[in-house]
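A, B, ... follow the sequence lines: proteins, then strands. Residue 1 opens every chain.
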Amino acid sequence: MSKNREIAEIFENMADMLSIADENPFKIRAYKKAAVNILELREAIEDASARGELTQIPGVGKDLADKIREYVETGRMKEYERLQENIPLDTVDLLRIPGLGPKTLSLLFKGLGIRNAADLEKALDGPEILEFKGMGPKKIEDIRRGIALLRKSKERSRLGVVLPIGESLVEAVSRIPRTEGAILAGSLRRMRETVKDIDVLTISDNPPEVVEAFTSLRPEKDVLASGGTKGSVILQEGIQADLRVVGPESYGAALLYFTGSKAHNVRLRGLAQKKGLKINEYGVFRGDAMIAGETERGIYETLGLPFIPPELREDRGEIEAAMEGRLPDLIDLADIRGDLHTHTTWSDGKATIAQMADAAEGLGYEYIAITDHSPSQTIAKGLPIERLLEKKKELAEEAGKRKRIKVLMGTEVDIKMDGTLDYPDEILKGLDVVVASVHSGFKMDRDAMTNRIISAIRNPYVHAIGHPTGRLINEREPYDVDIDLVIGAAAEYGKALEVNGSYPRLDLNDLHVRKAVDAGVKIIISTDAHSTAQLLFMRYGVGTARRGWVEKKDVLNALPFGELYEWLKSGRG
DNA sequence: GCCGTTTTCGGCCCGACTGTTTTCAGTCG
């Protein structure tokens, strides 16, 4: 196991310590930048160190290279330890509270001796804190809210973080001798936007041996339980993983049971009872006789039901729909023919137009829209009109070279505070794809925000609203918006709403997107990719859409190019 | 702390928004 992650985390922590110590901001940035680049490094950092090529890592100069080498060789970093003597890691942790930055923390650290969360909470209740410059009642309330949000986020991790870890775990389990395949269950299989733990199910004729192998798979942080049929560990990543081992005859029953949701399973067991049957994690029983259990499909059949996809299993009406034969024909990842919200080096993306187009071709897409930011997004290098026109030229050249994929000229244009857009209509008119999004002024009141977004929907050149609620899972609440009115307006004006597949967003969420398709609104499932790798976020978007009962016919980027293009052109004065 | 023929010192992304102010500091992206 390479030490890339550890070293990146150390530099990240050091940057935070330096920021609390009020150090040179550029030095702080240097540490952070190095951390990011180390995390993205394609090889084990020990190898680069052994070759003496650490300084070839971007952002790593002589000093940081020395520190990395010291850590690789000794497992320690003196400077890091020295910093911790002044500023403990508990204090650094407080920076993760949204609304509490280094300046305020430094003030409280020095002035009130606040070193950890307990100190902070006590101080927030006391009167002394108001003595400090810049501290007022609203700020204190902000920090309190931030603490609550952080607490919530600690319980559940984001889908896009955990799913890859779960998949590699499944692979590892399937390589354990005497197992027959392995599969993810639980909320991960249901593609919930956040998950608490990883559930893995496998088949074996010797469960205890498999559990034993599982708990010693990797140098796991902690073994919570290790028994005859199930084992439970805390992975290095800090996430709990449970393994259940069953015989082949019970595989379907166990999968159903451990996939949940609990509410769905309770309903199924109720149905079974009425038929004189009993369902448990080993099978379906009539008296003592087991009549199903090998497959999930077989179990649903004994209840007179068709197979219900995992994403629907929330007891949100799927059982009634199944009984009445009106389950949705859910969109599949394979139905997706293109990505309509992506960024490139023209604004804040990491890849060029050509690289993004190549990657999209590699995914078998028919089209990709390049939608860089508009000028208000200065931090994201949003494009002034002259740059937009330059980009248009490059994109046209790039598009001209390609036979297999259509490269569309687009923008993610900012919806400004007053509801107008960040480019004039005559510019928007000349673009193939216009996604309009809110990136500023998140604290507007509900009416103002709703009207702001509806103003954008009314613009004849806007095709879709990007990440319509602005939330960042575990980081930022959605802005206050009446989503029903937005959906109504989208339906009225024939505009699409986005399901943004970037896993911190997943916005619209499952419930909202279901409302949207119920109202007849078209959906665009996009990745908002800022790199070629992020084009793979599509599966999170599709998972969220499936949880929202979205069918292929609802999704614009499941259309063949000709039909999509017709839609894009329609209704534009 | 990093970086580089506008180089070995002097930059390094910066504007919007908020809450606290009475001209600005802190946070965010």
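Judged by distance alone, with hydrogens and angles left aside, the side-chain atoms of A:R115 form no donor-acceptor pair with the main-chain N or O of A:F109 at under 3.5 Å. Of the possible donor and acceptor atoms, none in the side chain of A:R192 sits under 3.5 Å from a partner among the backbone N and O of A:R158.
B:dT8 makes up no base pair with any nucleotide shown, lacking Watson-Crick or G-U wobble contacts both under 3.5 Å.
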Please lay out, stage by stage, how A:E167 and A:R539 fare under the test salt bridge (Lys or Arg N to Asp or Glu O under 4.0 Å).
CA-CA 14 Å; A:E167 284 168 339; A:R539 63 173 174 158; 2.6 Å; yes

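Here the C1' atom of nucleotide B:dC17 and the CE atom of A:M449 are 12 Å apart, to the nearest Å. Atom-to-atom, NZ of A:K133 to P of B:dG19 comes out at 18 Å; the value is rounded to the nearest Å. If you measure from atom CZ of A:F26 to atom C1' of B:dC3, you get 13 Å, rounded to the nearest angstrom. One atom, CE of A:M135, and another, C1' of B:dG19, lie 11 Å apart when rounded to the nearest Å. When the C1' atom of B:dG26 is taken as reference, atom CD1 of A:I20 falls 15 Å away, rounded to whole Å. The CE atom of A:M444 sits 15 Å away from the P atom of B:dA16 (whole-angstrom rounding). Rounded to an integer number of Å, the gap from A:L54 CG to B:dC2 P is 12 Å. What separates CD of A:E131 from P of B:dT20 is a distance of 15 Å, to the nearest Å.
Separation of the P atoms belonging to B:dG15 and B:dC9 is 30 Å when rounded to the nearest angstrom. For B:dG19 and B:dC13, the P atoms lie 28 Å apart once the distance is rounded to whole Å. The P atoms of B:dA16 and B:dT22 are separated by 24 Å, rounded to the nearest whole Å. Comparing the C1' positions of B:dC14 and B:dT8 gives an interatomic distance of 27 Å, to the nearest angstrom. Nucleotides B:dG1 and B:dT5, compared at atom P, are 23 Å apart to the nearest Å. On the P atoms, B:dC12 is 28 Å away from B:dT18, given to the nearest whole Å. On the P atoms, B:dT27 is 15 Å away from B:dT21, given to the nearest whole Å.
Applying the ring-ring contact (aromatic ring centres under 6.0 Å, His included) definition to pairs two or more places apart or across chains, those involving residues 28-47 of chain A are A:F11-A:Y31.
If you check B:dC17, B:dG19, B:dA25 against the side chain of A:S440, the one that comes closest is B:dC17. Distances were taken from every side-chain heavy atom of A:R29 (C-beta onward) to each of B:dA16, B:dC12, B:dG19; the shortest belongs to B:dC12. For A:P137, taking side-chain heavy atoms from C-beta onward, the closest of the listed nucleotides B:dT20, B:dC17, B:dC2 is B:dT20.
Here the shortest heavy-atom pairing between A:S187 and A:K196 reads OG-N, 4.5 Å.
No more than 12 heavy-atom neighbours from other residues, nucleotides or ligands sit within 6.0 angstrom of CD on A:E9.
Checked by distance alone, A:N24 brings a side-chain donor or acceptor within 3.5 Å of a matching partner on the base of B:dG1.
Taking the six-membered ring for Trp and thresholds of 30 and 60 degrees, A:H439 and A:H467 have ring planes more than 60 degrees apart, a perpendicular arrangement. Under the 30°/60° scheme for interplanar angles, the aromatic rings of A:Y503 and A:F537 are found to stand perpendicular.
Mapped onto DNA chain B by nearest heavy atom, A:I140 and A:K67 fall at different nucleotides, with A:K67 at the one closer to the 5' end.
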So which protein nitrogen or oxygen atoms get under 3.5 Å of nucleotides 27-29 of chain B's nitrogens or oxygens?
residue: B:dT27; atom: OP1; partner: A:G101; partner atom: N; Å: 2.5
residue: B:dT27; atom: OP1; partner: A:G101; partner atom: O; Å: 3.1
residue: B:dT27; atom: OP1; partner: A:T104; partner atom: N; Å: 3.3
residue: B:dT27; atom: OP1; partner: A:T104; partner atom: OG1; Å: 2.6
residue: B:dT27; atom: OP2; partner: A:P102; partner atom: N; Å: 3.4
residue: B:dT27; atom: OP2; partner: A:K103; partner atom: N; Å: 3.0
residue: B:dC28; atom: OP1; partner: A:G99; partner atom: N; Å: 2.7
residue: B:dG29; atom: OP1; partner: A:R476; partner atom: NH1; Å: 3.2

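In summary, the side chains of A:H530 and A:D348 do present a donor paired with an acceptor at a separation below 3.5 Å, with no hydrogens or angles considered.
Within 4.0 Å (heavy atoms only), A:K416 reaches no atom of the nucleic acid at all. A:K33 comes within 4.0 angstrom of nothing in the nucleic acid, heavy atoms only. Among the protein residues, A:K443 comes within range of the sugar-phosphate backbone only, with heavy atoms under 4.0 Å from sugar or phosphate atoms but none that close to a base.
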